[in-house]
2 protein chains.
Amino acid sequence: MSRATRPRTRLTRAEQQEQTKARLLASAAELFAERGVNGASVEQIAEHAGYSRGAFYSNFADKQALVATLLMERTRHEAEEVGAIVLNPEASFDERMETLRAWHRARAVHAREWLILRTELWLHAVRTADRGLLDRIEERERFARQMLAEGIATAFTTPGTEPTPPDDPAFLGLIMHALEDGLLIQRLIAPEGTSDTVVVDAVDLLIRSWKALGRENAGSSS
Amino acid sequence: MSRATRPRTRLTRAEQQEQTKARLLASAAELFAERGVNGASVEQIAEHAGYSRGAFYSNFADKQALVATLLMERTRHEAEEVGAIVLNPEASFDERMETLRAWHRARAVHAREWLILRTELWLHAVRTADRGLLDRIEERERFARQMLAEGIATAFTTPGTEPTPPDDPAFLGLIMHALEDGLLIQRLIAPEGTSDTVVVDAVDLLIRSWKALGRENAGSSS
DNA sequence: GTCTATAAAGAGATAGAC
DNA sequence: GTCTATCTCTTTATAGAC
């Protein structure tokens with residue numbers, strides 16, 4: 001059995017298949033961003049990953065299965081990373097926010113591709129009305145909103161200045177999250193007037209504005 | 001000549017062709033929203049409009065030409081309508097805003113389809129890197145931002161309360177516009193926590209927040 | 001101006017060799 | 001597990017009838 005002769009230098013069967021699967025997924029992500037889910041054929045995905053159509057079909061039942069896997073993998077991966085940062089109990093709020101900003105900066109390199117891919121995927125999920133896909137997406141969006149809501153709530157309590165946000169934190173988190181995506185889209189399709197710091201600039205302005213409104217509300221009610 | 005016998009009751013040749021073209025465009029808009037630009041075939045578009053493939057190709061050079069026409073037609077139409085409302089010199093600011101809100105309410109019925117179609121079209125333009133299409137889209141976005149910027153600026157001068165918005169009106173307009181789209185997307189893919197008045201609620205909160213911040217800035221600088 | 005028929009290319013998916 | 005060959009269906013686009 002040739003497998004026993006080199007147990008470490010080469011990948012095991014299972015590892016190699018995982019590698020093939022991962023390469024196909026990465027290839028699909030690239031091509032989906034570039035040509036859309038419908039615009040990228042199975043042959044192109046396989047070839048771009050260095051395989052043939054046969055390899056594709058021995059790793060995924062069909063094209064739809066690959067789309068589902070890609071969406072779930074990316075969503076879970078992202079949620080885990082952001083979750084690990086934001087929920088880290090050993091870091092202060094400021095430290096966590098700084099780490100999160102760094103994470104966003106690192107991601108910004110592929111912001112365009114990631115935004116297009118994400119858009120392509122939700123569009124695909126909405127169109128196919130696939131409940132499994134839609135549930136995953138919904139979960140991701142709720143998670144993002146909630147993280148932002150908690151961050152905002154913390155921003156209002158930490159400095160010991162104003163005790164009350166001017167509205168439900170969940171609503172403020174929703175606004176922040178929606179704004180981020182909206183700004184990234186604007187930056188993609190109408191870049192004029194959008195610096196590369198628009199998102200953080202906008203977030204900063206909103207926090208300051210809400211603090212001002214919070215102070216006014218507190219003042220008038222006391 | 002049978003044409004001369006009923007000069008009014010039936011459409012002229014040119015009118016009929018315009019009607020065919022319009023029907024094909026409407027059909028394409030529906031199917032694009034439903035299945036994506038790549039997912040809707042020429043045959044499906046033609047058949048759904050009540051024609052055959054032949055009729056399609058005698059009205060459009062190819063599929064790409066239809067996409068371009070659709071995008072330009074919708075963009076121009078929308079800009080004209082909104083422009084006519086917002087730039088109406090005979091109406092007061094409040095009247096114009098009320099008319100605009102009514103326009104948005106009327107559109108809300110097809111909000112889902114319109115959002116998906118718009119997303120599908122910008123995605124298609126970005127992917128094909130078609131400069132003509134991209135320029136049209138960019139124009140539309142700039143126009144929307146500018147209208148909002150003017151509306152916000154007016155909101156700060158009309159009541160005679162605070163003279164200065166807390167930031168460049170163009171930036172505030174960008175935020176409002178991005179936020180609108182972002183919220184509509186959130187409402188589509190993760191409706192939980194988004195009432196059917198989220199957009200107007202968010203806009204209202206932001207205006208109030210910016211006014212509060214503007215008052216603070218004015219107070220501290222005087 | 002619109003329809004029917006058809007050409008030519010590309011898609012998804014399967015079967016069998018290795 | 002991956003490749004090559006192949007089947008079948010759909011696609012875009014054109015040509016010629018009416």
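Below, chains carry the letters A, B, ... as their sequence lines are ordered, and counting in each starts from 1.
Rounded to whole angstrom, the span from the CZ atom of A:Phe60 across to the P atom of D:dG1 amounts to 14 Å. B:Tyr57 places its OH atom 14 Å from the C1' atom of C:dT6, with the value rounded to the nearest Å. Counting to the nearest Å, the P atom of D:dA5 and the CZ atom of A:Phe56 are 21 Å from each other. Atom-to-atom, CG of A:Leu24 to C1' of D:dG1 comes out at 12 Å; the value is rounded to the nearest Å. For the pair A:Leu31 CG and C:dG10 P, the computed distance is 16 Å after rounding to whole Å. A:Glu47 places its CD atom 14 Å from the C1' atom of D:dT4, with the value rounded to the nearest Å. Distance, A:Gln64 CD to C:dG12 P: 12 Å, rounded to whole Å. In this structure, the NZ atom of A:Lys63 is 9 Å from the C1' atom of C:dA11, given to the nearest Å.
More than 12 heavy atoms of other residues, nucleotides or ligands sit less than 6.0 Å from atom CD of B:Glu30.
For A:Asn38, no side-chain nitrogen or oxygen approaches OP1 or OP2 of C:dA11 to under 4.0 Å. Between B:Gln44 and D:dT11 there is a side-chain N or O to OP1 or OP2 distance below 4.0 Å. Applying the 4.0 Å criterion to OP1 and OP2 of D:dT2, one finds that A:Thr20 has a side-chain N or O inside that range.
In terms of modelled atom types and a separation under 3.5 Å, the side chain of B:Glu113 and the main chain of B:His110 share no donor-acceptor contact. A:Thr20 contributes a side-chain N or O that, together with a main-chain N or O of A:Gln16, makes up a donor-acceptor pair within less than 3.5 Å.
Two residues are said to be in side-chain contact when any heavy atoms from C-beta on lie closer than 4.5 Å; B:Leu70 and B:Glu73 meet this criterion.
Among the heavy atoms of the strands lying under 4.0 Å from B:Ser41 are primed sugar atoms or P, OP1, OP2 only; no base atom is included.
Here the side chain of B:Ala55 is nearest to one of D:dT2, C:dT2, D:dA13, namely C:dT2. Listed nucleotides C:dA13, C:dA11, D:dC3 differ in distance to A:Glu43; the shortest reach to its side chain belongs to C:dA11. Checking C:dT2, D:dT2, D:dA13 against the side-chain heavy atoms of B:Ser58 singles out C:dT2 as nearest. Side-chain atoms of B:Val42 lie closest to D:dT12 of the nucleotides D:dC3, D:dG1, D:dT12. The side chain of A:Tyr51 sits closest to D:dC3 out of D:dA13, C:dG1, D:dC3. The side chain of A:Gln16 lies closest to D:dT2 when the candidates are C:dT2, D:dT2, D:dT12.
For A:Arg53 against D:dT6, a side-chain-to-base donor-acceptor contact under 3.5 Å is present.
Side chains of A:Gln146 and A:Glu150: a donor on one and an acceptor on the other come within 3.5 Å.
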